[in-house]
Amino acid sequence: MKKFLLGISTLLLTLRLIFLLGDPRVYGVREASSKPAFAAFGGVVDGVYMLSNILVAPLNWLYDLLHAAIPSVHSAFFPSMEAADAVRQIGKWLASHPAFPCPEPLRALLCSPDPAIHFPGVIDWLALLTLALLWALSPAIEPAWRWIRNLFWNLFIETSFTRKKKALYQHALQERSSDLMKLNVEYRNLSKEASVLKDTVITDDLTQVFNKRYFLQKFHETFDAAKTDQTLLGLIMMDIDHFKRLNDTYGHLVGDAALKAIAAVASGATPSGCYLCRFGGEEFAMVLPGKTLEETLGAARKIKTGVPGLRFEADVNLRVTISQGVAHLDFSKPLAQTLAKADQFIKLADDELYRAKLEGRDRICVTPLG
């Protein structure tokens with residue numbers, strides 16, 4: 001704000017200097033119509049004069065005081081000089097120094113025989129002095145303001161606060177600090193409880209992977225983001241083969257153990273930045289944003305080879321296999337962009353899972369799109 005005000009003040013004073021150099025109305029002996037710009041925009045020029053008068057007012061008052069005390073101040077230090085006279089002096093100097101660098105159009109203007117045609121106004125000493133004073137004082141304004149503010153603050157503190165009040169404030173501060181510590185402990189406890197509650201809401205109790213509710217919410221966001229950013233997206237739908245037969249033969253406790261063990265294998269095969277969910281009873285889903293088709297198939301192969309190696313206490317000879325359907329999208333390709341909804345993508349992977357079941361189970365079937 002200080003720089004802005006300084007800039008506006010400088011602009012007003014500079015415009016005042018320029019306008020007064022060419023204003024034919026200064027002495028009232030030249031017709032305003034001789035300078036069409038001043039005739040057409042006289043209101044604007046007068047507005048600049050009015051605003052700049054506020055800026056030069058302090059020096060103007062000082063000048064009036066000096067002039068009243070010493071009448072010769074005006075003629076000795078602030079002689080009124082017509083702009084044409086000043087231009088004549090500059091023109092003479094330029095004529096006697098032809099080597100001085102100056103643009104030729106400006107040299108011709110300053111050395112013209114009758115500068116009054118171009119410069120019928122006056123040199124404004126007050127504007128020049130105000131400009132110089134503004135820029136001379138501008139570096140000292142901020143330190144001076146800080147010094148005054150600090151002085152006032154220190155005086156206020158010293159005169160308004162007694163030792164007793166300071167002691168009371170210190171005691172109140174200690175009480176508030178104690179209350180704040182208690183609140184901080186309560187906040188941390190609540191944060192832990194909230195974190196546990198959040199995990200409970202989005203995590204499957206048995207397998208400790210994300211549940212279907214989380215999958216449906218998160219997958220739609222992932223799908224929309226991949227489509228918008230035109231990136232890659234992989235999805236693996238997997239189903240434990242003959243799980244009903246396993247439950248009927250060994251009981252639900254063994255079935256639960258198989259679910260937990262297979263979830264552990266799938267979690268270990270889940271790449272960084274991807275997530276695994278329990279989609280249904282014996283069905284899991286893995287979402288792989290930003291992964292290539294080969295990376296997606298690599299995760300599926302790790303699960304395919306890892307699951308048959310599981311062993312169970314109920315029967316060491318028990319072997320479990322898993323069927324997988326893989327769908328992969330490259331949204332930078334036009335074909336992938338035709339897929340409008342996340343549910344359509346889930347169906348692609350589900351169809352591949354169904355095909356894997358029909359073709360004999362314990363296999364991976366894939367549909368790359370794009």
Side-chain angles (χ1 to χ4, degrees), residues 195 197-241 243 259 262-304 306-307 322-359 361 363-370:
S195 179
L197 182 61
K198 180 184 176 183
D199 291 343
T200 302
V201 171
I202 65 175
T203 304
D204 178 62
D205 290 337
L206 178 65
T207 59
Q208 296 303 303
V209 299
F210 293 118
N211 57 23
K212 186 174 182 178
R213 176 190 295 179
Y214 178 82
F215 171 82
L216 293 175
Q217 175 190 340
K218 182 71 174 177
F219 182 71
H220 282 79
E221 296 174 2
T222 305
F223 180 87
D224 292 340
K227 187 172 184 179
T228 302
D229 299 337
Q230 296 190 354
T231 54
L232 306 173
L233 181 61
L235 176 63
I236 304 174
M237 300 296 290
M238 55 195 90
D239 189 273
I240 302 173
D241 296 329
F243 187 71
L259 284 170
I262 291 170
V265 171
S267 295
T270 304
S272 175
C274 307
Y275 52 95
L276 176 72
C277 309
R278 186 180 179 187
F279 192 75
E282 70 273 19
E283 194 171 358
F284 295 87
M286 184 187 295
V287 185
L288 302 99
K291 301 301 179 184
T292 63
L293 176 60
E294 188 56 39
E295 289 173 320
T296 302
L297 288 173
R301 294 187 190 107
K302 284 183 182 180
I303 297 169
K304 182 180 182 299
V307 169
I322 193 164
S323 300
Q324 300 178 81
V326 177
H328 189 271
L329 291 173
D330 182 353
F331 278 111
S332 65
K333 305 295 178 61
L335 184 59
Q337 286 288 337
T338 61
L339 209 63
K341 296 182 179 179
D343 293 341
Q344 295 174 307
F345 188 40
I346 295 173
K347 188 177 184 306
L348 285 177
D350 243 348
D351 290 344
E352 289 303 308
L353 175 60
Y354 183 68
R355 183 160 71 91
K357 292 283 189 181
L358 290 179
E359 291 182 3
R361 295 181 172 83
R363 65 192 62 228
I364 302 168
C365 290
V366 60
T367 293
L369 189 63

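Only a predicted model underlies this, so the values are computations on that prediction, with no experimental measurement involved.
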Revision key, fill the gap. Heavy-atom closest pair (Met237 atom, Leu353 atom, distance to 0.1 Å) is O-CD1, 3.8 Å

Study note, to complete from the structure: For Phe215 and Ala285, the nearest pair of non-hydrogen atoms, with its separation, is CE1-CB, 3.8 Å

Review point. Looking at Tyr275 versus Phe219, is the centre-to-centre ring distance below 6.0 Å?
Key: no

Exercise for review: Decide whether Asp241 and Ser323 meet the rule of one side-chain donor and one side-chain acceptor closer than 3.5 Å.
Suggested key: yes

**Study point:** Inter-residue atom distance Lys341.NZ - Asp224.CG, 0.5 Å rounding
**Key:** 11.5 Å

Exercise for review: To the nearest 0.5 Å, tell me how far Cys274 SG sits from Leu233 CG.
Suggested key: 9.5 Å

Practice item. Output, in order, the C-alpha distance, side-chain angles, deciding distance and verdict of side chain to side chain contact (heavy atoms under 4.5 Å, CB included) for Thr228 and Phe331. Key: CA-CA 8 Å; Thr228 302; Phe331 278 111; over 6 Å; no

Review point. Does the Arg213 side chain pair with the main chain of Leu216, one donor and one acceptor, at a distance under 3.5 Å?
Key: no

Revision key, fill the gap. What one should report as the nearest heavy-atom pair of Leu276 and Ala263 is CD2-O, 3.8 Å

Revision key, fill the gap. Correct closest heavy-atom pair for Lys357 and Ile240 would be NZ-O, 3.5 Å

**Study point:** Shortest non-hydrogen separation from Ile364 to Arg301 and the atoms involved
**Key:** CD1-N, 3.8 Å

Exercise for review: Show the numbers, then the answer: is there a side chain to side chain contact (heavy atoms under 4.5 Å, CB included) between Leu232 and Thr296?
Suggested key: CA-CA 10 Å; Leu232 306 173; Thr296 302; over 6 Å; no

**Study point:** Check: Pro271 and Glu295 side chains under 4.5 Å, non-hydrogen atoms
**Key:** no

Exercise for review: Give the C-alpha distance, both sets of side-chain angles, the deciding distance and a yes or no for side chain to side chain contact (heavy atoms under 4.5 Å, CB included) between Thr270 and Val209.
Suggested key: CA-CA 11 Å; Thr270 304; Val209 299; over 6 Å; no

Check your understanding: Under 3.5 Å, is there a donor-acceptor pair between the side chain of Gln230 and the main chain of Lys227?
Key -> no

Review point. CZ of Arg278 to CG of Asp205: how many Å apart, nearest 0.5 Å?
Key: 9.5 Å

Exercise for review: Measure the CD-CG distance between Glu352 and Leu235 for me, rounded to the nearest 0.5 Å.
Suggested key: 11.0 Å

Check your understanding: How long is the gap from CG on Leu358 to CZ on Arg363, to the nearest 0.5 Å?
Key -> 10.5 Å

Point to revise | Euclidean distance, Glu282 CD relative to Ile322 CD1, rounded to 0.5 Å | key: 10.0 Å

Point to revise | Main-chain N/O of Glu294 paired with His328 side-chain donor or acceptor, under 3.5 Å | key: no

Exercise for review: Start with the C-alpha gap between Met286 and Ile303, add the side-chain angles, then the distance that decides, and say whether side chain to side chain contact (heavy atoms under 4.5 Å, CB included) holds.
Suggested key: CA-CA 11 Å; Met286 184 187 295; Ile303 297 169; 3.6 Å; yes

Review point. How close do Met238 and Ile236 get, heavy atom to heavy atom, and via which atoms?
Key: CE-CG2, 3.7 Å

Revision key, fill the gap. Which of Glu283, Gln324, Arg361 passes side-chain contact (heavy atoms from CB on, under 4.5 Å) with Asp239? Answer is Glu283

Point to revise | Pair Arg355 + Asp351, salt bridge at N-O below 4.0 Å | key: no

Exercise for review: Please indicate whether Phe243 has more than 12 foreign heavy atoms, meaning atoms of other residues, nucleotides or ligands, lying under 6.0 Å from its CZ.
Suggested key: yes

